Amino acid sequence: MASSALQWLGLLLGGAGAVGTVAVTIMPQWKVSAFIGSNIVVFETLWEGLWMSCRSHTGLRLQCKVYDSLLALPADLQAARGLLCAACVLAALAALAAALGMRCSRCAAAEAKARGAALLAAGVLFVVVGVAVLAPVSWVAAAIVRDFYDPTLDDGRKRELGEALYLGWASALLLVAGGAVLACVAHGPAEAGGPRYRLPARRAAPRSWASERKPPGSLPSRSQYV
């Protein structure tokens with residue numbers, strides 16, 4: 001029962017992290033305009049994501065434009081595109097492997113070793129996806145902080161951390177936690193229906209020489225004198 005609950009916990013954590021990964025990949029709120037210094041135009045907000053940039057006018061009108069060229073993007077956004085697309089594919093494979101390795105799966109004829117291998121593969125994939133999400137999110141965040149404190153950069157070009165970055169950190173944490181739980185469950189005890197070792201039946205203890213010896217008070221039989 002405890003092992004089944006841990007399997008569900010790992011699958012839910014990994015699934016939530018996978019959904020967050022897809023949302024981070026789509027969201028344009030990676031870089032948000034900073035209202036500092038001479039940049040006091042507060043009725044217009046600029047968002048920059050992996051695929052497009054958007055302008056929000058007082059929260060009533062939203063204009064988005066897809067990037068014309070991939071090579072025109074900064075290096076951090078180019079790397080984030082590739083890593084997060086790969087992370088989405090690996091997250092789907094990890095969820096599929098976890099579903100196949102669950103104890104309540106319909107594949108009742110599968111052996112315990114095969115289910116354990118599927119859970120272990122799902123756990124490793126979830127951890128890899130978590131690292132693949134954490135790396136580009138942290139890279140973009142570091143670039144934003146570096147440019148924000150750069151005195152040679154205009155205030156209008158400085159950006160702040162967007163909501164997508166915080167969601168990316170949370171998703172990476174969920175993915176790593178879910179993968180660790182599934183990997184630990186894969187090395188746990190065998191299932192209740194699996195083969196178990198049984199102790200051999202107790203054998204009757206052999207009679208000792210002392211138990212077979214007659215008591216000292218017993219008389220010899222008549223045949224012994226012949």
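Note that the coordinates shown come from a computational prediction; the quantities given were computed from them, not determined experimentally. Just so you know, these numbers use all the heavy atoms, side chains as well, and skip hydrogens, waters and symmetry mates.
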Subject >> Any residue meeting side-chain contact (heavy atoms from CB on, under 4.5 Å) with A170, in chain and number order, not counting sequence neighbours >> reply: none

**OP:** Under the side-chain contact (heavy atoms from CB on, under 4.5 Å) rule, collect the residues that match up with A91, sequence neighbours excluded.
**Re:** A18, V129

Looking at side-chain heavy atoms only, is the closest gap between [X] and [Y] below 4.5 Å?
X	Y	answer
Q29	E163	yes
V127	L175	no
C88	T25	yes

Assigning hydrophobic clusters by single linkage (Ile, Leu, Val, Met, Phe, Trp, Tyr; side-chain heavy-atom cutoff under 4.5 Å), is [X] placed with [Y]?
X	Y	answer
V137	L90	yes
V181	L93	yes
V145	F148	yes
L134	Y166	yes
L165	L50	yes

Subject >> Side-chain cluster (under 4.5 Å, hydrophobic types only) that L62 belongs to, other residues >> reply: V32, W47

**OP:** Run through the side-chain heavy atoms of Ile, Leu, Val, Met, Phe, Trp and Tyr, join any pair under 4.5 Å, and report what else lands in V22's cluster.
**Re:** I26

Original post:
Pairs in or reaching into residues 78-90: which pass side-chain hydrogen bond (donor to acceptor under 3.5 Å, both in side chains), with residues at least two apart or in two chains?
Top reply: none

Original post:
Which pairs count as side-chain hydrogen bond (donor to acceptor under 3.5 Å, both in side chains) when at least one residue sits in residues 170-184, sequence neighbours excluded?
Top reply: none

**OP:** Could you list the residues that satisfy disulfide bond (SG atoms under 2.5 Å apart) with C85, not counting sequence neighbours?
**Re:** none

Subject >> Flag, side chain of W51 to backbone of M27, donor-acceptor distance under 3.5 Å >> reply: no

Subject >> Donor-acceptor under 3.5 Å (Y67 side chain, G49 main chain) >> reply: yes

Expected list for residues 117-125: side-chain donor-acceptor pairs under 3.5 angstrom, two or more places apart:
none

Measure across [X] and [Y] and return the closest heavy-atom pair with its distance rounded to 0.1 Å.
X	Y	value
W30	V24	NE1-O, 3.1 Å
L77	V140	CD2-CG2, 4.2 Å
F126	A95	CZ-N, 3.9 Å
T21	A87	CG2-CB, 4.1 Å
V133	G168	CG1-O, 3.6 Å
Q7	G101	OE1-O, 4.3 Å

Distance check, rounded to the nearest 0.5 Å: [X] atom [atom1] versus [Y] atom [atom2]?
X	Y	atom1	atom2	answer
L46	S53	CG	OG	6.5 Å
L11	L6	CG	CG	12.5 Å
S56	Q63	OG	CD	10.0 Å

Contacts of [X] that satisfy side chain to side chain donor-acceptor pair (under 3.5 Å) - sequence neighbours left out:
X	result
D147	none
S69	none
W169	S138
E48	R159

Original post:
Given K31 and I144, is the side-chain contact (heavy atoms from CB on, under 4.5 Å) satisfied, shown in steps?
Top reply: CA-CA 8 Å; K31 300 179 180 180; I144 294 174; 3.5 Å; yes

